[in-house]
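Note that ligands are numbered from 1 as they come in the structure, with each ligand's atoms numbered from 1 the same way.
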Amino acid sequence: MKIGVLALQGDFIEHEHMLARLGAEPIEVRLPRDLEGLDGLIMPGGESTTFGKLAKQFGLVEPLRAFAQSGRPMWGTCAGLIFLAKDVGRNQVTLGLMDVKVKRNAFGRQIDSFTCDLNIPDLADGPFPGVFIRAPIIESVGQTVQVLCTLDDGTIVAARQDNLLATSFHPELTHDSRMHALFLRACKRGSLSCEL
Ligand code: GLN
């Protein structure tokens, strides 16, 4: 299975390592033609304003929207989640695909980064290690968005809408491959919806 990883900036290599470990073929996406023949696409952590600027410069914004419209699974982690969102509370280029309102840098600055155990009902075998680095939160979701994970205080940190998956945290920076495995199963089925 060929899984694209948006490779404009950020921690795309870590996603590639995780995908390769699980037997998928990671493909770096920098130009529209790199999207051909992919079974799914991951947008990594990094700096969402930089994603926006470079995606615009490389003519990727519309092709990425078309990729999502094709129904193939698409997953954004951290900055990738921001890049997927419809509302980020400020003027920056995003794909505007997922009906969520996001607050960037919601836990503070880089120094306020943290890890914590997450309870993700869709994952068996215990808590998932949540790595939050200058992470966003999802402040509110539209009617067709399913919340997948919240912190103890109710803060939303993972959600799904149709073929779109979004996490505030970074599974690619852990040794736990369960989220990637779940995404790959969805790519194989061609849909995120049945399992999640
Ligand atoms: N703070 C970054 C942003 O706003 C996201 C950080 C990350 O991806 N770890 O885009």
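- Residue-environment remark: NZ (Lys86) exceeds the threshold of 12 foreign heavy atoms within 6.0 Å.
- In the hydrophobic clustering (ILVMFWY side chains linked at under 4.5 Å, chained through shared members), Ile133 is joined by Val131, Leu173.
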Sequence neighbours excluded and cut-off under 3.5 Å, please list the side-chain donor-acceptor pairs for residues 21-37, or say none.
from	atom 1	to	atom 2	distance (Å)
Arg21	NH1	His175	O	3.4
Arg21	NH2	His175	O	3.0
Glu28	OE1	Arg30	NH1	3.0
Glu28	OE1	Arg30	NH2	2.9
Arg30	NE	Ala7	O	3.1
Asp34	OD2	Arg30	N	2.8
Asp34	OD2	Leu31	N	2.8

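- For the residue pair Gln9 / Thr50, no side-chain donor-acceptor distance below 3.5 Å is found, with atom types taken as modelled.
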Which protein N or O atoms sit under 3.5 Å from any N or O of ligand 1? Give atom names and distances.
from	atom 1	to	atom 2	distance (Å)
ligand 1	1 (N)	Asn105	OD1	2.7
ligand 1	1 (N)	Arg134	O	3.0
ligand 1	4 (O)	Arg104	NE	2.7
ligand 1	4 (O)	Arg104	NH2	2.8
ligand 1	8 (O)	Gly46	N	2.9
ligand 1	8 (O)	Gly46	O	3.1
ligand 1	8 (O)	Ala79	N	3.0
ligand 1	9 (N)	Ile133	O	2.9
ligand 1	9 (N)	His170	NE2	2.9
ligand 1	10 (O)	Ser48	N	2.7
ligand 1	10 (O)	Ser48	OG	2.8

Under 3.5 Å, sequence neighbours excluded: what are the donor-acceptor pairs made by side chains of residues 110-117?
from	atom 1	to	atom 2	distance (Å)
Gln110	OE1	Arg134	NE	3.2
Asp112	OD2	Arg109	N	2.8
Ser113	OG	Gln110	O	2.6

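- Without hydrogens or angle criteria, Asn163 side chain to Arg72 main chain gives a donor-acceptor distance under 3.5 Å.
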